A.B. asks: 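For reference, the structure I am asking about is given below.
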Amino acid sequence: MKIFCIGRNYIDHAKELQNPVPTLPLVFMKPASALLKNNAPFYHPDFSNDIHYELELVLKVGKNGKHISPAFAEQYIKEIAVGVDMTARDLQSELKKKGHPWEIAKGFDNSAIISEFRTYESSKNWHFSFHKNGSSVQEGQSKDMIFSFTDIICHLSKYFSLQQGDLIYTGTPAGVGPIKIGDRFEAFLEDEKLLDFFIK
Ligand code: ZN
């Protein structure tokens with residue numbers, strides 16, 4: 001099982017980090033050991049002083065494919081969830097400055113928080129939102145993505161065989177920010193609460 005992630009897929013988030021808006025999807029990956037399920041607490045690691053949350057829509061691939069064309073792309077999506085791409089922003093900034101890969105800042109243990117999945121419905125505008133200690137911090141909808149689910153599936157499948165069960169974190173809207181021990185986070189897909197966890 002592979003975990004793909006798309007960076008800078010919402011214009012307002014690219015701007016808040018002073019990153020250029022990409023012309024092709026920006027792809028990175030996390031290992032399977034990054035997954036954190038079942039609303040388990042996230043234990044703050046000691047190698048970073050600036051871990052940021054990024055709430056994202058997450059797709060689950062339903063069948064194997066390669067070189068997928070736009071007309072068929074959505075047929076490869078089986079389910080959808082919300083997930084948090086935990087990011088060690090201090091480590092990432094250092095690595096970006098040196099032009100080095102991001103893996104340790106993005107792929108560390110438990111950095112890919114995932115909710116339960118719901119059945120995917122094609123052509124739907126998916127709304128999602130994130131609450132920190134009871135206040136809304138992020139809100140997004142899939143129609144605001146720079147690269148649509150179809151664009152992402154087509155692009156990824158040029159380079160990688162998509163396999164049943166692979167996950168795709170599709171990027172975060174504006175409002176990312178730091179976590180601290182004791183914070184409670186709740187995430188909603190449409191109006192349904194799918195994540196509720198604490199930072200420990
Ligand atoms: Zn992200």
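None of the values given here were measured: they were computed from a predicted structure. Each ligand, and each atom within it, is numbered from 1 in the order the structure gives.
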A.B. asks: Is it true that F42 and F197 have ring centroids separated by less than 6.0 Å?
C.D. replies: no

A.B. asks: State, without any angle test, whether S93 and D90 hold a side-chain donor-acceptor pair at a distance under 3.5 Å.
C.D. replies: no

A.B. asks: Under a 3.5 Å threshold, yes or no: a donor from one side chain and an acceptor from the other, between Q138 and Y53?
C.D. replies: no

A.B. asks: Determine, for E54 against K106, whether the closest basic-nitrogen to carboxylate-oxygen distance falls under 4.0 angstrom.
C.D. replies: yes

A.B. asks: Strictly under 6.0 Å, is that where the ring centroids of H127 and F188 end up?
C.D. replies: no

A.B. asks: Using a cut-off of 2.8 Å, find all protein N, O or S atoms closer to the Zn ion (ligand 1) than that distance.
C.D. replies: E54 OE1, E56 OE2, D85 OD2

A.B. asks: If you link ILVMFWY side chains whenever their heavy atoms are less than 4.5 Å apart, which other residues fall into the same cluster as M1? By chain and number, please.
C.D. replies: I3, L35, V58, I114, F117, L167, Y169

